[in-house]
Amino acid sequence: MTLEIVVGTQWGDEGKGRIVDLLAAEAAVVARYNGGDNAGHTVKVGNQTFKLHLLPAGLIHPHAFGVLGNGMVVNPTSLQKEMEMLRAAGIEVNPQRMMISYAAHLITPGHKALDVAQELARGAGQIGTTGRGIGPAYTDKAARRGLRLLDMLDPQGFRQKMREHIRSVNMQLQVIYQAEPLEVEATAAEFEDFAVMLKPYIGDAGAKVAAALAAGQVVLAEGAQGTLLDLDQGTYPFVTSSSPTAPGALTGLGLGMQREAARVIGVTKSFQTRVGAGPFPTEVQGKAAERLRGTGANPWDEFGTTTGRPRRVGWLDGVLLRYAVRINGLTELMVTKLDVLSGLKTIPICIAYHSQGHEYKELPLGPADLSPFEPVYAELPGWQEDLTGARNWSDLPRNAQGYLDKITEISGVQISLASVGPERDQIVKREKN
Ligand code: IMP
């Protein structure tokens, strides 16, 4: 019985897609448990680059069974596009290899329109959402008026529910936000067609996952976004509306506490990035930022997979990393994009915060309000060598190993792997001591 959870330790975009791709080779079931098509997981296989937003990234492996868990919000338009994209690449997508939880909620054009209208109304206080309707879909879920995949099992009845939903959204759009209403009949008809298309995929995904675990198979739970975007544990209100953290994998897949210790893999970038608004104590600007971000010429430069927005960048924040270790119960760390740091003379890493004469190694009140804190940095010696050809731990220059050792010292968690480029084989694994 092995549940492996891959979780981002930062604000998303840690490079989880490629780690999932690696681990999925050994997994029988690959499952998404939170969020929707706000995620963007890039996987590069040979000369093909897959950008997946909604489907589990592990589905690229032909042997794996894909699950979309009850913790997700599913936009059928994006889902259909993604299924077709994989089929065009020769990857089978059918009900024999994929299931969507009946309890997952739907994202409609109404939710997307509300997301955009609500962001506009926030003015200077914008969260910088992806505009995918995530917040409004989870709002409807919590308000107990959401539309679920279960409702699609009766496509005609669902059409009527969609009419009522769009009418209610239109009231909000027109009265509160002075925005254009949506077309009721056309949207309802389109969603009836989606219901017919998706019906064979709808099932008890929690039971499917539990059965796989009981049979001794590996289930890989793919977290989207990251710890610091968690609705409860993140930099609220600059968060997403779901639970990307490891405990979210249990509620988001419909699993109970696992008796056997799960592998909880924290993926951390070797520096820090963020898309959208919100606190970011180690953020840098100017030349240093350009250096970390890249120019956008490469698909792995720091520009959003879902929105194309340039990401904010900064140095690795050890205080927030320690927090992520605690919140997720991480059992190991995997560090991505180590190659990007080559060529720097020294590399700052935040080891504590400073505020009004006090030094903090732990956050006194969680990460919601980071504004009073100044990062305290340790300056580590950099390395000049290109790392992209490294394949063994011993190929890494001494200072690169020293940087990884510092991450372990700060976090208290062993690093099992580091990535040194976007290709499948550009990784170094650490042999266990
Ligand atoms: P929402 O999830 O679209 O509501 O956006 C809320 C916040 O989460 C915004 O700051 C987004 O930029 C951020 N966000 C959502 N999904 C991702 C992701 O997959 N990677 C990085 N940031 C994300």
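When reading the values below, keep in mind they use all heavy atoms of this one structure, side chains included, and skip hydrogens, waters and symmetry mates. The first residue in the sequence is number 1, and the count goes up from there. For ligands, and for the atoms within them, numbers begin at 1 and follow the listed sequence.
For the pair G12 and ligand 1, the shortest N or O to N or O distance does not fall below 3.5 Å. In terms of polar-atom proximity, defined here as any N/O pair under 3.5 Å, V239 makes no such contact with ligand 1. By the 3.5 Å distance cut-off applied to N or O atoms, D115 is not counted among the residues near ligand 1. Of the polar atoms of S241, none of the N or O atoms is found under 3.5 Å from an N or O of ligand 1, judged by distance alone. Geometrically, ligand 1 and R309 share a nitrogen or oxygen pair separated by less than 3.5 Å. The shortest N or O to N or O distance between N38 and ligand 1 is under 3.5 Å.
One option in T273, L228, V275, T240 has a heavy atom closer to atom 2 (O) of ligand 1 than any other, and that option is T240.
Of all atoms in ligand 1, numbered sequentially from 1 with element shown, those under 4.0 Å from a heavy atom of W11 are 21 (C), 22 (N). Listed by atom number, the atoms of ligand 1 under 4.0 Å from G276 heavy atoms are 10 (O).
Looking at residues two or more places apart in sequence or on another chain, you find a salt bridge (charged side-chain N to carboxylate O under 4.0 Å, His left out) between R311 and D13, E302.
Ligand 1 does not have A224 within reach: every non-hydrogen atom of the residue lies 4.0 Å or more from it. By the 4.0 Å heavy-atom criterion, R132 is excluded from the residues contacting ligand 1. Not a single heavy atom of F238 sits closer than 4.0 Å to an atom of ligand 1.
Using a 30° and 60° split on the angle between ring planes, F373 and Y353 fall in the parallel class, below 30°.
Scanning all protein heavy atoms for the shortest distance to atom 20 (N) of ligand 1 gives D13 OD1, 3.2 Å. For atom 17 (C) of ligand 1, the nearest non-hydrogen atom of the protein is Q225 CG, 3.5 Å. Given atom 11 (C) of ligand 1, the protein heavy atom at minimum distance is G128 O, 3.5 Å. With hydrogens left out, the protein atom closest to atom 5 (O) of ligand 1 is T129 CA, 3.4 Å, a heavy atom. Summary of contacts: the protein heavy atom closest to atom 8 (O) of ligand 1 is L229 CD2, 3.6 Å. The protein atom (non-hydrogen) at minimum distance from atom 3 (O) of ligand 1 is T130 OG1, 2.6 Å.
Judged by distance alone, the side chain of E4 and the main-chain N or O of R263 form no donor-acceptor pair under 3.5 Å. Panel note: side chain T331, backbone V264; a donor-acceptor pair is recorded below 3.5 Å.
In this structure, K269 is positioned above the aromatic face of F271, its NZ or CZ under 6.0 Å from the six-membered ring centre and within 45° of the axis.
Proximity of K141 to V73: side-chain heavy atoms (C-beta onward) are nowhere separated by under 4.5 Å. Using a 4.5 Å cut-off on side-chain heavy atoms (C-beta onward), K208 and F65 make contact.
For residues 46-70, there are no salt bridge (charged side-chain N to carboxylate O under 4.0 Å, His left out) pairs, not counting sequence neighbours.
Between P372 and D369, the closest heavy-atom pair is CD-O, 3.6 Å.
If you check the side chains of Q10 and T268, you find a donor sitting under 3.5 Å from an acceptor.
Here the options are N38, N34, D230, the test is side chain to side chain donor-acceptor pair (under 3.5 Å), and the partner is S242; only N34 passes.
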